[in-house]
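Here the structure is laid out as structure tokens; the discussion comes afterwards.
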Amino acid sequence: MRQVRVRERIEEMADFCDVEVALAVLGGKWKLLIVKYLDTGPHRFGELKRAMPGITQRMLTRQLRELSDDGLVLRTAYAEAPPRTEYRLTPAGESLKSLICDFDRWGAWYRGHLRSLASEETPEPESAPAPPATSDRPRTAG
């Protein structure tokens, strides 16, 4: 029996904060990593599992199903023996490319920032490096 996701419908979320919509669709530890890996092309379940050794089979199945339900991932089952299933990004999933690139840059910057803080005895806030620039997307409140 397939479990039904319990979350507020996107259409019913407040219009003033689109971050809530993004977090409802992409929130969690694994979804952006799955999308990042699928950005390299279609992959089978086992390939995705090996790429993310910390994820359980059950969690990967659940996350792929949710990404598919939200229209970000396309699941294609081939009628072959043995059966083969591939996952690929939809155009909506591919639209996350710049967001993932921004997260990747920020993560690298933050890792370096933490290392620089750890190497200093008394860090001075004004000497901290600036975070990386993000892609040119319109900014909205929320």
Side-chain angles (χ1 to χ4, degrees), residues 1-120 123-142:
M1 180 178 187
R2 186 171 171 182
Q3 284 186 341
V4 177
R5 272 174 60 175
V6 179
R7 82 163 186 219
E8 185 179 0
R9 292 174 43 112
I10 300 296
E11 301 82 20
E12 296 170 1
M13 292 181 175
D15 287 336
F16 61 84
C17 190
D18 291 333
V19 170
E20 181 181 8
V21 173
L23 288 175
V25 175
L26 298 169
K29 180 177 180 179
W30 300 107
K31 287 185 180 176
L32 286 175
L33 292 173
I34 293 168
V35 171
K36 181 179 183 193
Y37 192 67
L38 288 176
D39 185 42
T40 64
H43 292 285
R44 296 173 71 173
F45 185 90
E47 294 171 323
L48 293 168
K49 178 77 174 83
R50 283 188 297 276
M52 296 172 281
I55 194 169
T56 64
Q57 183 167 334
R58 180 175 181 220
M59 181 57 72
L60 179 57
T61 300
R62 180 178 171 195
Q63 299 295 281
L64 285 167
R65 188 170 289 142
E66 289 178 9
L67 287 166
S68 178
D69 289 348
D70 286 327
L72 300 176
V73 169
L74 178 65
R75 178 185 185 271
T76 305
Y78 296 94
E80 300 175 347
R84 176 173 58 108
T85 303
E86 285 185 344
Y87 298 89
R88 71 180 70 236
L89 294 179
T90 64
E94 289 177 4
S95 74
L96 295 167
K97 215 177 261 193
S98 65
L99 175 71
I100 290 172
C101 188
D102 286 346
F103 268 107
D104 198 44
R105 274 196 304 271
W106 187 86
W109 169 82
Y110 190 71
R111 185 187 307 255
H113 176 69
L114 288 178
R115 287 181 185 139
S116 71
L117 289 177
S119 68
E120 299 174 4
E124 297 179 25
E126 55 270 22
S127 67
T134 58
S135 57
D136 296 328
R137 288 188 307 274
R139 307 279 190 239
T140 59

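Note that the numbering runs from 1 along the sequence shown for the chain. The structure displayed is predicted, hence computed values, not measured ones.
- Contacts of K97 classified as salt bridge (Lys or Arg N to Asp or Glu O under 4.0 Å), with partners at least two apart in sequence or in another chain: D39.
- Applying the ring-ring contact (aromatic ring centres under 6.0 Å, His included) test to pairs two or more places apart or on separate chains, none has a residue in residues 51-86.
- Interatomic distance, CG of L72 versus OG of S95, reported as 7.0 Å (0.5 Å rounding).
- One distance of note links CD of Q63 with CG of L48; it measures 12.0 Å at 0.5 Å rounding.
- Atom CG of residue L38 and atom CG of residue L33 lie 11.0 Å apart, to the nearest 0.5 angstrom.
- When all heavy atoms of G71 and A92 are compared, the closest pair comes out as O-CB, 3.6 Å.
- A heavy-atom distance below 4.5 Å is found between the side chains of L26 and L96.
- The shortest side-chain heavy-atom distance between T90 and V73 does not fall under the 4.5 Å cut-off.
- Between Y110 and W106, the ring-plane angle classifies as parallel under the 30° and 60° cut-offs.
- Side-chain contact between L64 and F45 is present, with at least one heavy-atom pair separated by less than 4.5 Å.
- Remark: I55 engages W30, K49, M52, M59, L60 in a side chain to side chain contact (heavy atoms under 4.5 Å, CB included) (not counting sequence neighbours).
- Take Y37 and apply the ring pair (Phe, Tyr, Trp, His ring centres under 6.0 Å) test, not counting sequence neighbours, and it matches H43.
- At least one donor-acceptor pair under 3.5 Å links the side chain of K31 to the backbone N or O of V25.
- Sorted by first and then second residue, the salt bridge (Lys or Arg N to Asp or Glu O under 4.0 Å) pairs with a member in residues 82-93 read E80-R84, R84-E86, E86-R88; sequence neighbours excluded.
- Note that the CG atom of D104 and the OG atom of S98 stand 12.5 Å from one another [nearest 0.5 Å].
- Every residue two or more places apart in sequence or in another chain that forms a side chain to side chain contact (heavy atoms under 4.5 Å, CB included) with L23 is listed here: V19.
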